[in-house]
A.B. asks: 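What follows is a single structure, and I will ask about it in a moment.
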Amino acid sequence: KDKTPTSLHHLDMLLSRSYELLMALCQDEDMLRGQLAQAASRLSAGTRAMLLLIRLYASIPDDRLELLEAVLSPRVPGPSDPLGWQEEIDASLVQILRTSLSMTEREQDAGVPAMEIPASNSRLKKHLSLFIMRLSKDGLQLDADGDPPSQAK
């Protein structure tokens, strides 16, 4: 036994206050998860609308729509996924711009940049506008395996 036991005065008040704060944090988390789900739903719907507009603008046939959706996926990753939607879309745009929609061989030989969380969305905007411009000129020219057709030298 302790000769000088610690006083337990106000322990019930401390536990009660801690419980209240913990419950408030849980409610905040639930609210934020709901807002995140709503934002993901809006992003997905906006991406689907953009896909339809690009399809109409570039006159993409029905059989190539699946390839377009593979590049600009309307699927928004969940909060536990390591990469976000912006990083995935930017990486797929860079890949298709360097393969099937490349203008030069030098562009095809360029290395793949490391995926990182971007500071702004200006790079994504640039790649998206370039993708739409080249898509409207050349269309999606991929074979059944998703590879660009071999170019005659």
Side-chain angles (χ1 to χ4, degrees), residues 14-153:
L14 287 173
L15 288 174
S16 175
R17 183 67 181 145
S18 297
Y19 177 76
E20 289 171 6
L21 289 173
L22 189 58
M23 291 308 290
L25 286 174
C26 289
Q27 288 175 351
D28 288 348
E29 181 189 11
D30 287 344
M31 182 187 65
L32 290 173
R33 283 187 188 268
Q35 289 176 351
L36 183 62
Q38 188 177 30
S41 181
R42 286 180 179 165
L43 178 61
S44 180
T47 304
R48 286 190 189 281
M50 183 174 60
L51 284 168
L52 292 174
L53 290 172
I54 291 172
R55 178 182 174 209
L56 291 172
Y57 177 72
S59 302
I60 296 176
D62 290 340
D63 61 333
R64 294 296 184 189
L65 185 59
E66 191 175 306
L67 291 171
L68 182 62
E69 286 180 354
V71 175
L72 293 172
S73 175
R75 186 193 77 77
V76 178
S80 62
D81 290 336
L83 293 175
W85 179 86
Q86 183 176 350
E87 292 86 10
E88 286 183 9
I89 298 300
D90 192 45
S92 65
L93 286 172
V94 167
Q95 179 64 26
I96 201 161
L97 286 171
R98 289 185 177 173
T99 56
S100 65
L101 294 178
S102 66
M103 298 295 225
T104 64
E105 275 191 43
R106 180 174 177 251
E107 222 174 33
Q108 289 179 351
D109 295 335
V112 178
M115 292 181 70
E116 56 191 29
I117 297 175
S120 72
N121 60 359
S122 60
R123 184 173 154 196
L124 177 66
K125 285 181 182 179
K126 179 181 120 184
H127 289 150
L128 188 58
S129 62
L130 188 59
F131 171 72
I132 293 170
M133 181 187 70
R134 289 186 187 176
L135 191 63
S136 64
K137 286 182 184 177
D138 304 327
L140 276 176
Q141 304 296 324
L142 300 177
D143 61 16
D145 297 329
D147 296 324
S150 56
Q151 297 174 351
K153 292 185 177 182

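No hydrogens, no waters, no symmetry mates; every other heavy atom, side chains included, goes into these values.
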A.B. asks: What residues, two or more places apart in sequence or in another chain, satisfy salt bridge (Lys or Arg N to Asp or Glu O under 4.0 Å) together with Arg42?
C.D. replies: none

A.B. asks: If I take atom CZ from residue Phe131 and atom CE from residue Met133, how far apart are they, to the nearest 0.5 angstrom?
C.D. replies: 12.0 Å

A.B. asks: Can you list the steps and then say if Leu67 with Ile96 is a side chain to side chain contact (heavy atoms under 4.5 Å, CB included)?
C.D. replies: CA-CA 10 Å; Leu67 291 171; Ile96 201 161; over 6 Å; no

A.B. asks: Is the CD atom of Glu20 crowded by more than 12 outside heavy atoms at less than 6.0 Å?
C.D. replies: yes

A.B. asks: Within this structure, what is the OG-NE2 distance for the pair Ser92 and His127, rounded to the nearest 0.5 Å?
C.D. replies: 11.0 Å

A.B. asks: Which distance, rounded to the nearest 0.5 Å, do you find between the CG of Leu72 and the CG of Leu51?
C.D. replies: 5.5 Å

A.B. asks: Stepwise, does the side chain to side chain contact (heavy atoms under 4.5 Å, CB included) test hold for Leu130 with Leu93?
C.D. replies: CA-CA 9 Å; Leu130 188 59; Leu93 286 172; over 6 Å; no

A.B. asks: Taking Ala37's backbone N and O only, do any of them form a donor-acceptor pair with Ser41's side chain (distance below 3.5 Å, no angle check)?
C.D. replies: no

A.B. asks: Applying side chain to side chain contact (heavy atoms under 4.5 Å, CB included) to Asp90 and Leu128, what does each step give before you reach the verdict?
C.D. replies: CA-CA 8 Å; Asp90 192 45; Leu128 188 58; over 6 Å; no

A.B. asks: For the OG1 atom of Thr47 and the CD atom of Glu69, what is their distance to the nearest 0.5 Å?
C.D. replies: 10.5 Å

A.B. asks: Report all side-chain donor-acceptor pairs from residues 23-31 shorter than 3.5 Å, counting only partners two or more places apart or in another chain.
C.D. replies:
from, atom 1, to, atom 2, distance (Å)
Glu29, OE2, Arg33, NE, 3.2
Glu29, OE2, Arg33, NH2, 2.9

A.B. asks: Could you tell me the separation between the CG atom of Leu124 and the OG atom of Ser129, rounded to the nearest 0.5 Å?
C.D. replies: 9.5 Å

A.B. asks: Kindly compute the distance separating NZ (Lys126) from OG (Ser122), expressed to the nearest 0.5 Å.
C.D. replies: 8.5 Å

A.B. asks: Set out, in order, the CA-CA distance, both residues' side-chain angles and the distance that settles side chain to side chain contact (heavy atoms under 4.5 Å, CB included) for Leu65 and Leu68, then state yes or no.
C.D. replies: CA-CA 5 Å; Leu65 185 59; Leu68 182 62; 4.2 Å; yes

A.B. asks: Within the 4.5 Å heavy-atom criterion, are Glu88 and Ser73 side-chain neighbours or not?
C.D. replies: no

A.B. asks: Identify the heavy atoms of Leu97 and Arg134 that sit nearest to each other, and give their distance.
C.D. replies: O-NH1, 3.3 Å

A.B. asks: What heavy-atom pair brings Ser136 and Tyr57 nearest, and what distance separates the two atoms?
C.D. replies: CB-CE2, 3.6 Å

A.B. asks: What closest approach, in Å, do Ser44 and Pro74 show between heavy atoms, and which atom pair accounts for it?
C.D. replies: OG-O, 2.8 Å

